[in-house]
Amino acid sequence: MNRWKMISVALALAAVGPAHAESVDERIAASQEAIQDFAGTLQGHLMEAMQQGGPTEAISVCQQVAPQIAEDISAETGWSVGRTSLKLRNPDNAPDEWERAVLEHFEARRAQGVPASELAYHETVQEGDEEVFRFMRAIPTGSVCLTCHGSEVDGDIQHALERLYPEDQATGYSEGDVRGAFTIIQRM
Ligand code: HEC
């Protein structure tokens, strides 16, 4: 084998190399990107439905489209991607123990005056036999959210919500509150 051929073989082997272990920073950045995608896509559908069919139409968007987007992004990334909250509308979004603790931590930070938009948390945790990387980012309550999550939800909307979510707890929010959080689990 001549010298150049040896070098190219060495380079090819280096490129194959051992599996590239992603750094924590890379995992955070990738999580933020997936959340951006989730939030942006959902916001687009929500605003369109609000403008075209009004809030009652938008309820079905939240009901059908939000879980679908979560499923699509989970399939695309191979992670588990979703939304959760301490006061749930859909019981399917219930937090596990780790998520509950993080949401409580967000509430405490919010009470200290930290804006909801700045609250995020990550940790590598042991789950059974495997280590997983977990990431959460708080979802701030914006003014548009109050139509369906505020203290004075209009009668028609309230009836539609009660019909779909008889155990709805997700009202009574004010602008700037932590409505919930995006939550991601990346297998290592
Ligand atoms: C048109 C009514 C409507 C508006 C406006 C709305 N939501 Fe919701 N929201 C819902 C419905 C319905 C669900 C339940 C979705 C489901 O079944 O997964 C929900 C669920 C959620 C959840 C998941 C946790 C839970 O309680 O189940 C979060 C987080 C959330 N909304 C945040 C927001 C934020 C932030 C805004 C403003 C940007 C907003 N919503 C605006 C109707 C609405």
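Sequence positions, counted from 1, serve as the residue numbers for this chain. In each ligand, atom 1 is the first atom listed, and ligand 1 is the first ligand listed.
Under a hydrophobic clustering in which Ile, Leu, Val, Met, Phe, Trp and Tyr are joined whenever their side-chain heavy atoms come within less than 4.5 Å, directly or via other members, Val65 and Ile59 fall into different clusters.
Using a 4.0 Å heavy-atom cutoff, Pro140 is listed among the residues neighbouring ligand 1.
Protein heavy atom nearest atom 29 (C) of ligand 1, with residue, atom name and distance: Ile139 CD1, 3.6 Å.
Counting only N and O atoms by type, the side chains of Arg83 and Thr183 include no donor and acceptor under 3.5 Å apart. Residues Arg137 and Gln36 have side chains that bring a donor and an acceptor to within less than 3.5 angstrom of each other. Between the side chains of Trp98 and Glu127, no donor-acceptor pair of N or O atoms lies under 3.5 Å. In this model, a donor atom of one side chain and an acceptor atom of the other lie less than 3.5 Å apart for Asp72 and Gln68.
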Test log, rule side chain to side chain donor-acceptor pair (under 3.5 Å), inputs Glu167 and Tyr165 = CA-CA 5 Å; Glu167 288 170 25; Tyr165 306 96; over 6 Å; no
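Side-chain rings of Phe38 and Phe182 approach one another, their centers coming within less than 6.0 Å.
Excluding waters, the protein N/O/S atoms found under 2.8 Å from atom 8 (Fe) of ligand 1 are His149 NE2.
Inclusion of Gln43 in the set of residues having an N or O under 3.5 Å from an N or O of ligand 1 is not warranted. For the pair Tyr165 and ligand 1, the shortest N or O to N or O distance falls below 3.5 Å. Distances between N or O atoms of Asn93 and those of ligand 1 include at least one value under 3.5 Å.
Shown in contact with Asn90 at under 4.0 Å from a heavy atom are these atoms of ligand 1, numbered in order with element: 16 (C), 17 (O), 18 (O), 25 (C), 27 (O). Residue contact check: Ile59 has heavy atoms under 4.0 Å from atoms 1 (C), 2 (C), 12 (C) of ligand 1. The ligand atoms of ligand 1 that sit less than 4.0 angstrom from a heavy atom of Pro55 are 1 (C). Shown in contact with Leu88 at under 4.0 Å from a heavy atom are these atoms of ligand 1, numbered in order with element: 26 (O).
Between atom 20 (C) of ligand 1 and the options Gln63, Arg83, Met50, Lys87, the minimum heavy-atom separation is to Arg83. Here the shortest heavy-atom distance to atom 5 (C) of ligand 1, taken over Val144, Val153, Asp168, belongs to Val144.
Cys145 SG to Ile139 CD1: the interatomic distance, rounded to the nearest 0.5 Å, is 9.0 Å.
Under 4.0 Å is where a charged nitrogen must lie from a carboxylate oxygen, and between Glu99 and Arg134 at least one such pair does.
Checking side-chain atoms of Thr171 against main-chain N and O of His149 turns up no donor-acceptor pair under 3.5 Å.
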Under 3.5 Å, sequence neighbours excluded: what are the donor-acceptor pairs made by side chains of residues 39-49?
unit_1: Thr41; atom_1: OG1; unit_2: Asp37; atom_2: O; d: 2.6
unit_1: Thr41; atom_1: OG1; unit_2: Asp37; atom_2: OD1; d: 3.3

